[in-house]
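Comments concern the structure below.
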Amino acid sequence: MSKEHRDAFFIFAGNSATLNFPQLTDCLRSLGFNFTDSELKAKAGASTDMSTFLSIASSMSAPSHEDNEELLDALRSFDKTSRGTLSSKEFSHYTGILGNTFTPEEVAQVMKFDEDGLIDYEVMVKKMVA
């Protein structure tokens, strides 16, 4: 695995040399991996050391351009006005329906793209994957 993966592990683990589940989730997502909590729970326990972390990370693939297009297509399907925006309220509702609840930190990240109650999802996806 890359130095980037090792560095991310130590940033999130600090002096403990292990990651708890929320730290593991944040660490992997910071590296660009996409997964559900249930997928990750099947691979990780309550505490994850460096070796297990590297094994988990190597079993995942980073999002590709095609993945980003699929995400945009999914968001477009919820865009009732075809203007490239979703209301913040709708965005929150749809992600809940799809089974992906956001952590408070993730909500804060998404709300950075909220302008007057609307989220320009194309801009959001481009900035989040840059």
Side-chain angles (χ1 to χ4, degrees):
M1 285 266 93
S2 73
K3 181 178 181 330
E4 179 183 20
H5 290 87
R6 293 179 194 283
D7 289 347
F9 177 88
F10 286 114
I11 288 169
F12 284 89
N15 293 330
S16 70
T18 61
L19 299 170
N20 62 32
F21 190 79
Q23 290 169 322
L24 175 62
T25 300
D26 292 344
C27 185
L28 289 169
R29 288 197 173 130
S30 77
L31 291 167
F33 296 114
N34 292 317
F35 50 86
T36 64
D37 283 351
S38 60
E39 290 171 329
L40 189 56
K41 285 178 183 175
K43 297 178 181 184
S47 181
T48 303
D49 62 14
M50 170 68 86
S51 174
T52 305
F53 169 76
L54 293 175
S55 175
I56 292 169
S58 70
S59 73
M60 297 180 160
S61 59
S64 66
H65 176 71
E66 291 80 23
D67 293 330
N68 296 336
E69 285 303 315
E70 285 181 27
L71 175 58
L72 285 171
D73 286 344
L75 292 169
R76 284 183 193 113
S77 71
F78 294 113
D79 182 359
K80 296 175 187 172
T81 63
S82 299
R83 293 186 182 154
T85 61
L86 293 173
S87 77
S88 301
K89 192 178 221 178
E90 286 176 319
F91 184 84
S92 176
H93 176 72
Y94 293 140
T95 58
I97 288 173
L98 297 173
N100 292 326
T101 55
F102 288 117
T103 65
E105 294 82 16
E106 290 168 329
V107 169
Q109 286 289 343
V110 170
M111 289 304 119
K112 288 180 182 179
F113 300 99
D114 182 335
E115 291 187 24
D116 298 323
L118 295 174
I119 296 172
D120 183 327
Y121 53 83
E122 291 188 16
V123 170
M124 178 186 72
V125 169
K126 285 178 186 174
K127 287 186 178 183
M128 293 182 103
V129 298

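Heads up: numbering here begins at 1 and tracks the sequence.
Clustering ILVMFWY residues whenever any of their side-chain heavy atoms sit less than 4.5 angstrom apart, transitively, puts Val123 in a cluster other than the one holding Leu118. Placement of Met111 and Met124 within a single hydrophobic cluster is found when ILVMFWY residues are connected by side-chain heavy-atom separations under 4.5 Å, directly or transitively.
Using a 4.5 Å cut-off on side-chain heavy atoms (C-beta onward), Asp37 and Phe21 make contact. Put simply, the side chain of Leu40 reaches to within 4.5 Å of the side chain of Ile56, judged on heavy atoms. Counting heavy atoms from C-beta outward, Tyr121 and Leu71 have side chains that stay 4.5 Å or more apart. Looking at heavy atoms from C-beta onward, Leu24 lies in side-chain contact with Leu28 at the 4.5 angstrom threshold.
Of all non-hydrogen atoms in Phe9 and Cys27, the two that sit nearest each other are N-SG, 3.8 Å. Heavy-atom minimum distance, Thr25 versus Phe35: O-CZ, 3.7 Å. Counting all heavy atoms, side chain and backbone alike, Met60 lies closest to Lys43 at CG-NZ, 4.1 Å.
In this structure Ser51 satisfies the side chain to side chain donor-acceptor pair (under 3.5 Å) test with no other residue, sequence neighbours excluded. Take Lys80 and apply the side chain to side chain donor-acceptor pair (under 3.5 Å) test, not counting sequence neighbours, and it matches Glu90.
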Check against side-chain contact (heavy atoms from CB on, under 4.5 Å), Phe113 and Asp120: CA-CA 7 Å; Phe113 300 99; Asp120 183 327; over 6 Å; no
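Ser59 OG to Leu54 CG: the interatomic distance, rounded to the nearest 0.5 Å, is 11.0 Å. With rounding to the nearest 0.5 Å, the separation of CD in Gln23 from OG in Ser47 is 9.0 Å. Atoms OG1 and CZ, from Thr48 and Phe12 in turn, are 13.5 Å apart once rounded to the nearest 0.5 Å. Taken from CZ in Phe78 to CG in Leu86, the straight-line distance is 8.5 Å, to the nearest 0.5 Å. Between the CG atom of Asp116 and the OG atom of Ser87 there is a distance of 12.5 Å, given to the nearest 0.5 Å. Atom OG of residue Ser55 and atom CE of residue Met50 lie 13.0 Å apart, to the nearest 0.5 angstrom.
If you check the side chains of Asp79 and Ser82, you find no donor sitting under 3.5 Å from an acceptor.
Checked by atom type and distance alone, the side chain of Glu122 never pairs as donor or acceptor with a backbone atom of Gly84 at under 3.5 Å.
Using a cut-off of 4.0 Å between Lys/Arg side-chain N and Asp/Glu carboxylate O, Asp73 and Arg76 are scored as salt-bridged.
Applying the 6.0 Å contact sphere to CD of Glu39 captures more than 12 heavy atoms from other residues, nucleotides or ligands.
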